[in-house]
K.L.:
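Structure provided below as structure tokens; questions to follow.
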Amino acid sequence: MRVLPDVSGIDRCFDYLVPDELGDQVRVGTVVRISLHGRRVGGWVVADHVAPPPGVRLLALAKVTGWGPPPDLVELSAWAAWRWAGRRAALLGAATHERAVPTLAPSGAPPPVAGGPLDGLAAEVAHRIGREPVCVVRLPPASDPYAVVQAVCRRGPTLVLAPGVRQAAHLGLRLRRAGATVAVLPRDWPRARAGGAHVVGSRAAAWAPVDPLSGVVVLDEHDESYQEERAPTWHARDVALERARRAGVPCVLVSAVPTLEALAAGVLLTASRAEERAGWPVVDVVDRSQDDPVRGGLLSERLGPLLRGERRVVCVLNRTGRSRLSACDRCGRVARCETCQAAVVHTADGSLACLRCATRRPLVCDHCGSTVLRNLRAGVTRVREELEALARRPVVEVTAATAGTSLPDAGVYVGTEAVLHQVDRADVVVFLDLDQELLAPRYRAAEQALGLLARAARLLGGRDRGARGGGEPGRLVLQTRLPNHEVVQAALHADPARVAAAEHERRSLLRFPPAAALASVSGAAAGDYVAALGRPLGVEVLGPDDGHWLVRATDHRTLCDTLAATPRPAGRLRVEVDPLRI
DNA sequence: CGGACAAGCTGA
DNA sequence: CAGCTTGTCCGG
């Protein structure tokens with residue numbers, strides 16, 4: 001047996017003998033313990049009937065721990081280790097239950113899923129998945145994707161991915177109520193391994209066993225939580241696509257705002273224009289291009305009546321703290337750090353702090369000594385105070401720091417994008433400074449901004465939302481100096497294709513994914529590694545920028561072959577293939 | 001990763 | 001030169 005040890009720092013296999021009494025328990029994927037260099041470590045069987053290298057005396061496996069991934073996922077882990085330039089053990093770890101699984105309960109095989117006739121887009125999906133390997137279903141934010149899931153599940157055991165554990169659990173419940181056998185990952189891993197069940201889960205479930213795999217659905221395909229943040233930075237959507245391709249089964253990518261990666265992978269199916277419009281809220285564009293940039297502030301006149309009513313309002317501002325940029329009211333100079341010249345932020349305790357080098361100083365202009373500083377870029381904490389004055393009712397601040405705590409009930413919330421995860425419904429969502437998203441110095445900024453708008457749209461429901469909210473449609477208010485930006489126009493016209501078209505052109509021109517393949521290389525050993533890459537045809541190296549290099553290649557094959565062919569120098573090194581935030 | 005072993009440094 | 005640290009190598 002060939003075994004890959006689960007030890008960071010060892011990314012190679014060793015051969016062992018299988019004792020006769022364990023023979024029937026050991027197959028490709030089995031989790032075992034082995035003696036390696038005098039110590040006992042865990043590992044996976046990755047091949048059997050191997051010819052060991054000549055001249056080595058084989059040891060016997062020390063123990064069989066239990067069930068691991070099936071052979072197809074063991075093979076997929078080798079592909080993913082290449083694709084994301086990482087250790088194979090990290091991927092096999094994702095494909096394995098966290099606790100030992102010594103035995104499996106026998107699987108029954110009851111009817112996979114019940115349900116009535118499908119209509120509209122779901123019927124179209126049911127029809128097309130027979131002939132298209134990959135379908136991209138653009139479902140407006142307020143639409144329920146359940147019928148699409150159902151359409152795929154009818155074919156047999158299906159892998160369904162949702163961006164969060166909550167959504168996955170909810171979906172599992174609905175499928176069960178419809179009479180299906182469902183394993184909700186990670187809890188029901190042993191049941192999934194036994195086979196005959198649909199499997200639902202979040203990112204890691206891309207590695208869940210499904211037997212026999214009959215189809216794959218990825219919900220909210222654009223959601224960035226599908227990418228693992230630690231290296232190897234594998235993406236559940238791409239793992240799902242490859243799994244489906246290898247198994248020869250359909251893969252359905254669902255999103256209100258499909259990524260260019262998804263659109264490049266399959267055929268696009270959309271609802272009718274009328275249906276798509278109905279699934280987006282009413283959008284109010286507050287054009288601030290004529291407002292004074294310094295004195296205008298973040299709260300336009302349009303907000304007053306919305307805030308003072310009875311409606312539940314969520315305001316989004318992706319800046320924490322009180323002020324991210326201040327200028328002296330007397331001499332007009334921007335407040336900067338005297339040590340490193342970065343802009344200083346105004347902290348809650350009333351001092352100025354540099355986020356780059358941690359220097360602090362009192363609230364004084366370092367040029368003219370004035371103590372009056374004007375707030376040019378208010379953060380959430382400051383805006384909460386201003387909103388409360390304007391709304392004349394309590395305003396609750398929500399940031400990533402308040403996640404997991406129960407939010408106080410209030411009529412108005414203000415927060416970073418975390419507020420869109422923590423509040424589950426709203427009558428009005430206001431993006432106080434959408435330009436910050438539109439102009440963010442990241443190549444995916446437009447897609448990411450539209451993703452935020454889609455998430456906000458889901459809190460609001462469609463423009464035809466029924467009984468709840470007193471019949472008034474939800475409103476999405478966008479404060480911007482760029483009213484003609486394609487992201488604003490896409491939301492306004494419920495037409496995400498406007499962003500896709502503009503982005504496709506831009507990324508082709510600038511050679512950003514999916515028009516090229518990228519990897520970000522950082523860490524103390526990054527320089528040595530990048531030097532060792534050489535300059536193969538079709539590969540270029542950019543940087544370093546702040547200790548990060550970018551490796552760009554014409555396609556993933558070229559990029560990943562080059563990365564795989566380069567030995568890793570000693571020292572810290574992070575290779576991030578397909579970085580989302582650059 | 002972590003044990004083994006070798007080479008380098010310190011103090012008597 | 002013992003006793004310790006630091007570095008490099010390698011595992012079936």
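Every chain is numbered from 1 and lettered A, B, ... according to where its sequence line falls, protein lines coming before strand lines.
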K.L.:
Classify A/Leu59 by what it touches in the nucleic acid, base, sugar-phosphate, or nothing, heavy-atom distance under 4.0 Å.
P.N.:
sugar-phosphate
K.L.:
Separation of A/Asp6 atom CG from B/dG2 atom C1', in whole Å?
P.N.:
15 Å
K.L.:
I'd like to know if the side chain of A/Thr233 reaches the main chain of A/Val577, judged simply by a donor and an acceptor atom lying under 3.5 Å from each other, with no hydrogens or angles considered.
P.N.:
yes
K.L.:
Would you say A/Arg2 reaches C/dG12's phosphate, i.e. side-chain N/O to OP1/OP2 under 4.0 Å?
P.N.:
no
K.L.:
To the nearest Å, how far apart are A/Arg57 CZ and C/dC10 C1'?
P.N.:
16 Å
K.L.:
Do A/His222 and A/Ser255 get their side chains close enough for a donor-acceptor pair, meaning under 3.5 Å?
P.N.:
yes
K.L.:
Please state how far atom CZ in A/Arg12 lies from atom C1' in C/dG12, giving the value in whole angstrom units.
P.N.:
8 Å
K.L.:
Starting from P on B/dC1, measure out to CZ on A/Phe14 and report it in whole angstrom.
P.N.:
14 Å
K.L.:
Establish, yes or no, whether the cationic atom of A/Arg552 lies under 6.0 Å from the six-membered ring centre of A/Phe512 and within 45° of the ring axis.
P.N.:
yes
K.L.:
Considering only heavy atoms, which members of residues 22-53 of chain A lie under 4.0 Å from some atom of DNA chain B?
P.N.:
A/His37, A/Arg39
K.L.:
Parallel, tilted or perpendicular, judged at 30° and 60°: which one describes the rings of A/Trp189 and A/His97?
P.N.:
parallel
K.L.:
In whole angstrom, give the distance that lies between atom CG of A/Asp11 and atom P of C/dC9.
P.N.:
19 Å
K.L.:
Do A/Arg174 and A/Tyr146 meet the cation-pi criteria used here (NZ or CZ under 6.0 Å from the six-membered ring centre, within 45° of the axis)?
P.N.:
yes
K.L.:
Does any N or O in the side chain of A/Gln227 come within less than 3.5 Å of the main-chain N or O of A/Arg203, such that one atom is a donor and the other an acceptor?
P.N.:
no
